[in-house]
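Below is one structure, written out as structure tokens, with a few remarks after it.
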Protein chains: 2
Amino acid sequence: MTILDWTERFKGTAALPKDVRERLNKSARITHLKKGDQVFGPMNIPDSLFFLYDGRIRVSQTSEAGREIVLYRIEAGESCVLTTACMLAEEAYNAEGIAETDVTVVVLPKPAFDRLSSEEDAFRNFVFAAYSRRLIDLLRVVDDVAFGRIDVRLAERLLTLGDVLKEVRATHQDLASELGTAREVISRVLNDFQKRDLIEQSRGLITLKDKAGLEAIAHSA
Amino acid sequence: MTILDWTERFKGTAALPKDVRERLNKSARITHLKKGDQVFGPMNIPDSLFFLYDGRIRVSQTSEAGREIVLYRIEAGESCVLTTACMLAEEAYNAEGIAETDVTVVVLPKPAFDRLSSEEDAFRNFVFAAYSRRLIDLLRVVDDVAFGRIDVRLAERLLTLGDVLKEVRATHQDLASELGTAREVISRVLNDFQKRDLIEQSRGLITLKDKAGLEAIAHSA
DNA sequence: TCGGTTAGGTGACATTGTCACTGACGATCC
DNA sequence: GGATCGTCAGTGACAATGTCACCTAACCGA
């Protein structure tokens, strides 16, 4: 494939001197993954650092009983620190990353990572910032799960998933996995939303009819 | 006060060359805090790095409604990365650290931190490991809150809080704050435990009568 | 010992999670 | 077309947990 200069894509590398960037381009490997592929998981801990060049990765956690909750999403230009966390920590964990779209990943071997983070302040700060971002994300998840109502959380999530279009292509089970709850709960709440004319439903598709109304619910925490 | 060589206390600094450690001892400041003092919080974001020399810090999060949940504890020899996370991330958060005992803290100014983490691999790895540890801790919290039963979680927590002694000195409200639930819920579960002869209760004190029984509950997830 | 504060108990009810089952829809094959 | 199968969604009963209002008991300092 064509060799692309990924270093311009990341905050931590864009500002680096040209020679450093060229060195990086040599030592890093670029990988493509299909939508739905597992990027990492309990059985699949990479020994390298991941930087997401293009696409989106969904990081979720699954309980013993098989219920799932989405922790956060990695967008293009961000790095995936959880893999490194899992490398360092001995403890068992059960988070996994799934490619939500086709994905292009820059894989940086650990030696190159070490060298870079010792030599380049910008890069090191980028990595620290990535860690911080995830910590904050998880604080938010804890807050939502421990203290939030699901109608509020579902309204929020519908709005973020719908974004530009007013459509959310997801089954009730998908949404349950987003929020870490059961399908039946989602069904109940969605039916309530429908009765209130906030949404329209059809198989695997939800249409947002009243974004303002949903926002009112989302912010009524 | 007497100057103590804290650098031997931390994994990331103990192995450093003597001259580096001496430099550190000069640039860092040592602070003492009383039991119950706030180490950091939404209104009190330090601009330096914290290393816990002695004592224990409880990190918890509080909801809008005022309900609290304990995220993790920092033990002597560990660093407090959440403060740095909060420095870097712009977003609002509401975690705070409370000294659970009298506490001795090493405060390392950011310039010294930057220099150290660029020059010394051991130190940098120590910091990364600290971040990782907290990420994993939070994954566990998410798992517990989203998927765990409270009787299981309470049994676990009683065992860890009781540890050597068979006593837990905590009010029902304290335990509710540990697990992010309501006092009434704790009261109900404790009464159930008492009926089953697993514990004994008196005002502000719980005695573990049957650790094996509690462990059975704790592991019956 | 009085009075106030804090810890804990209780019942009614709301919300959320679980379970078992049903029907509805869409694809495919004959 | 119609039979069949798998996925998606709806439902009612019940269990677990959270909320609210209010009560009692224990402790503590004046």
Side-chain angles (χ1 to χ4, degrees), chain A residues 36 62-69 141-158 167-196 199-207 217 220-221, chain B residues 36 62-69 141-158 161 167-196 199-207 217-218 220-221:
Chain A
T62 305
S63 76
E64 283 186 17
R67 239 169 63 193
E68 198 183 351
I69 183 170
V141 174
V142 169
D143 195 279
D144 281 358
V145 173
F147 307 128
R149 297 176 51 91
I150 48 146
D151 52 352
V152 174
R153 294 173 59 208
L154 182 54
E156 270 178 7
R157 198 57 66 106
L158 286 175
E167 289 185 346
V168 177
R169 200 161 287 280
T171 66
H172 292 189
Q173 181 57 62
D174 291 339
L175 293 170
S177 295
E178 287 281 334
L179 303 183
T181 182
R183 179 188 57 81
E184 296 92 318
V185 176
I186 298 293
S187 293
R188 280 203 290 248
V189 178
L190 285 181
N191 281 335
D192 179 58
F193 284 178
Q194 190 173 31
K195 265 176 209 153
R196 296 205 252 161
I199 62 168
E200 227 168 63
Q201 297 189 68
S202 66
R203 193 186 176 87
L205 178 70
I206 294 157
T207 309
I217 294 176
S220 74
Chain B
T62 304
S63 77
E64 283 187 15
R67 240 170 63 192
E68 197 183 352
I69 183 170
V141 174
V142 169
D143 194 279
D144 281 359
V145 173
F147 307 128
R149 297 173 50 90
I150 47 147
D151 52 353
V152 173
R153 295 173 59 208
L154 182 53
E156 270 177 6
R157 198 56 66 106
L158 286 175
L161 291 177
E167 289 185 346
V168 177
R169 200 162 287 280
T171 66
H172 293 188
Q173 182 56 62
D174 292 339
L175 293 169
S177 294
E178 288 280 334
L179 302 182
T181 183
R183 178 187 59 80
E184 296 92 319
V185 176
I186 298 293
S187 294
R188 281 202 289 249
V189 178
L190 285 180
N191 282 334
D192 180 59
F193 285 177
Q194 190 173 32
K195 266 176 206 150
R196 297 205 253 161
I199 62 167
E200 227 169 63
Q201 296 189 70
S202 66
R203 193 184 174 89
L205 178 70
I206 293 157
T207 309
I217 294 176
S220 75

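Each chain gets a letter, A, B and so on, in the order its sequence line appears, and its residues count up from 1.
Not counting sequence neighbours, the partners of B:Q173 by the side-chain contact (heavy atoms from CB on, under 4.5 Å) test are B:T171, B:A176, B:S177, B:R183. Contacts of B:I150 classified as side-chain contact (heavy atoms from CB on, under 4.5 Å), with partners at least two apart in sequence or in another chain: B:R153, B:V185, B:V189. Applying the side-chain hydrogen bond (donor to acceptor under 3.5 Å, both in side chains) criterion to B:S187, with sequence neighbours excluded, gives B:H172. Applying the salt bridge (Lys or Arg N to Asp or Glu O under 4.0 Å) criterion to A:R196, with sequence neighbours excluded, gives A:D192. With sequence neighbours excluded, no residue satisfies salt bridge (Lys or Arg N to Asp or Glu O under 4.0 Å) with B:R67. Partners of A:D143 by salt bridge (Lys or Arg N to Asp or Glu O under 4.0 Å), not counting sequence neighbours: none found. Considering only residues two or more places apart in sequence or on other chains, A:R157 meets the salt bridge (Lys or Arg N to Asp or Glu O under 4.0 Å) condition with A:E178.
Each of A:F147 and A:R203 has a nearest nucleotide on DNA chain D; the 5'-most of these lies closest to A:R203.
Two residues are said to be in side-chain contact when any heavy atoms from C-beta on lie closer than 4.5 Å; A:N191 and A:Q201 meet this criterion. A:V141 places a side-chain heavy atom less than 4.5 Å from the side chain of A:I69. Between B:F193 and B:I206 the shortest side-chain heavy-atom distance does not fall below 4.5 Å. Between B:L154 and B:I217 there is no side-chain heavy-atom pair separated by less than 4.5 Å. Contact check for A:I199 versus A:V168: no side-chain heavy atoms found under the 4.5 Å cut-off. Looking at heavy atoms from C-beta onward, A:L179 lies in side-chain contact with A:I186 at the 4.5 angstrom threshold.
Relative to the axis of its first five pairs, the axis of the last five pairs of the helix from C:dT1-D:dA30 to C:dC30-D:dG1 sits at 20°, rounded to 10 degrees.
Of the inter-residue distances, the one linking A:E68 atom CD with A:T181 atom OG1 reads 13.0 Å to the nearest 0.5 angstrom.
Of all nucleotides in DNA chain D, those with any atom nearer than 4.0 Å to a heavy atom of chain B start and finish, going 5' to 3', at D:dA16 to D:dC27. Taking 4.0 Å as the cutoff to heavy atoms of chain A, we find the contact window on DNA chain C bounded by C:dT15 to C:dG26.
Here the shortest heavy-atom pairing between B:A218 and B:V152 reads O-CG1, 3.2 Å.
Using a 4.0 Å cutoff on non-hydrogen atoms, the parts of residues 183-191 of chain B near DNA chain D are B:E184, B:V185, B:R188, ordered by number. Taking a 4.0 Å limit (strictly below) on heavy-atom distances, residues 169-177 of chain A reaches DNA chain D at A:T171, A:H172.
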